[in-house]
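This report concerns only the one structure given below.
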Amino acid sequence: MGFGDLKSPAGLQVLNDYLADKSYIEGYVPSQADVAVFEAVSCPPPANLCHALRWYNHIKSYEKEKASLPGMKKGLGKYGPANVEDTTGSGPAENKDDDDDDIDLFGSDDEEESEEAKRLREERLAQYESKKAKKPALVAKSSILLDVKPWDDETDMVKLEECVRSIQADGLVWGSSKLVPVGYGIKKLQIQCVVEDDKVGTDMLEEQITAFEDYVQSMDVAAFNKI
């Protein structure tokens with residue numbers, strides 16, 4: 001596995017292709033996998049590599065929080081397409097076994113380790129694991145802008161908005177709203193909300209909003225952005 005040389009155009013192209021249908025290197029939230037690959041990229045990818053550039057700018061926004069992102073950082077050869085070998089930063093003197101990609105945080109290079117050194121290493125490792133376990137999990141959220149259309153110009157838009165805001169769910173927070181003219185005296189309700197991705201989806205919102213069939217003709221997603 002790997003991306004090739006991430007400091008070269010060819011390696012960045014592999015990264016761009018890899019991210020064409022992915023938001024992150026692994027999983028659905030930023031993690032240490034993204035940090036490892038981000039640190040191997042020497043500068044922002046060019047504009048024509050839009051997927052890699054989008055990912056680069058997104059991970060860069062986590063600069064102050066990158067140490068708290070979930071997961072364990074591994075060697076670059078553990079990430080990326082299966083048929084590409086990572087060569088970023090490699091040289092003639094570098095020939096590590098794949099097992100060396102897992103960081104030995106407090107290990108010793110000596111073949112024989114004293115009992116005191118073993119005890120100290122295990123103690124520090126236990127402290128590290130305990131500290132890591134206490135870190136809160138990163139909650140994936142999205143900001144959604146909805147267009148809610150009434151039946152006609154006689155629909156009570158105040159009542160329509162009250163119906164929409166009456167929808168309550170864990171992980172759903174309603175934001176600002178406004179009425180936007182669409183023609184022939186008809187106005188649609190444009191309303192913002194923030195949702196937790198694993199709790200609230202657009203399908204659920206559409207089902208519950210269109211259930212107010214006396215007021216609502218249809219609902220569309222005008223904008224959807226990950227936070």
Side-chain angles (χ1 to χ4, degrees), residues 1-109 121 124-125 128-129 131-144 195-199 201-202 223-227:
M1 298 177 69
F3 295 102
D5 185 354
L6 281 171
K7 299 184 185 302
S8 71
L12 291 175
Q13 182 65 59
V14 173
L15 177 63
N16 185 72
D17 295 343
Y18 181 77
L19 291 168
D21 59 352
K22 299 177 180 64
S23 296
Y24 305 103
I25 299 300
E26 288 185 342
Y28 301 97
V29 296
S31 69
Q32 292 300 319
D34 295 284
V35 175
V37 177
F38 178 85
E39 291 176 348
V41 179
S42 59
C43 60
N48 64 306
L49 301 181
C50 57
H51 304 301
L53 181 59
R54 176 260 307 162
W55 167 85
Y56 182 93
N57 290 332
H58 182 54
I59 300 305
K60 187 177 180 180
S61 70
Y62 287 91
E63 184 69 25
K64 294 182 179 178
E65 299 91 1
K66 67 179 183 180
S68 64
L69 294 179
M72 176 73 76
K73 190 189 297 184
K74 297 179 289 188
L76 290 172
K78 296 292 185 180
Y79 309 118
N83 61 341
V84 179
E85 180 182 358
D86 179 74
T87 57
T88 301
S90 64
E94 186 175 17
N95 185 23
K96 295 184 178 180
D97 187 89
D98 285 344
D99 291 341
D100 292 340
D101 288 336
D102 295 327
I103 301 173
D104 186 1
L105 295 173
F106 308 105
S108 170
D109 292 332
R121 178 170 61 85
R124 290 178 177 175
L125 188 58
Y128 171 80
E129 293 293 342
K131 182 178 179 181
K132 185 176 70 171
K134 293 178 181 177
K135 291 180 180 177
L138 189 66
V139 178
K141 295 183 179 182
S142 298
S143 174
I144 307 175
V195 303
E196 293 184 23
D197 294 348
D198 61 347
K199 295 180 180 179
T202 54
F224 189 104
N225 296 292
K226 294 287 185 181
I227 299 178

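Computed from heavy atoms alone, side chains included, the values below leave out hydrogens, waters and symmetry copies. Numbering starts at 1 and runs along the sequence shown.
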NZ (Lys22) with more than 12 external heavy atoms under 6.0 Å: yes
Any Val37 side-chain heavy atom under 4.5 Å of Trp55 side chain: yes
Rounded distance [0.5 Å steps], NZ in Lys226 versus NE2 in His58: 9.0 Å
Atom pair CG (Leu49) and CG (Leu12), whose distance is rounded to the nearest 0.5 Å: 6.5 Å
Nearest non-hydrogen partners of Ala67 and Gln32, listed with the distance: O-NE2, 3.8 Å
Check against side chain to side chain contact (heavy atoms under 4.5 Å, CB included), Leu53 and Asn16: CA-CA 8 Å; Leu53 181 59; Asn16 185 72; over 6 Å; no
Side-chain donor/acceptor of Asp17 to backbone N/O of Val14, under 3.5 Å: no
Side-chain (Tyr28) to main-chain (Ser23) donor-acceptor, under 3.5 angstrom: no
Where Val29 and Pro70 come nearest, the two heavy atoms and their spacing: CG2-CG, 4.5 Å
Inter-residue atom distance Glu26.CD - Lys78.NZ, 0.5 Å rounding: 11.0 Å
Closest heavy-atom pair and its distance - Pro30, Ile59: CB-CD1, 4.4 Å
Ser142 and Asp197: side chain donor to acceptor below 3.5 Å: yes
Parallel, tilted or perpendicular: ring planes of Phe3 versus Tyr18, cut at 30 and 60 degrees: perpendicular
Inter-residue atom distance Asp198.CG - Lys141.NZ, 0.5 Å rounding: 11.0 Å
Gln13 side, atom CD; His51 side, atom NE2 - distance, nearest 0.5 Å: 9.5 Å
Closest non-hydrogen atom pair, Met72 against Tyr79: O-OH, 3.8 Å
Test item: Ile144 and Thr202 side chains (from C-beta on) under 4.5 Å apart, heavy atoms: yes
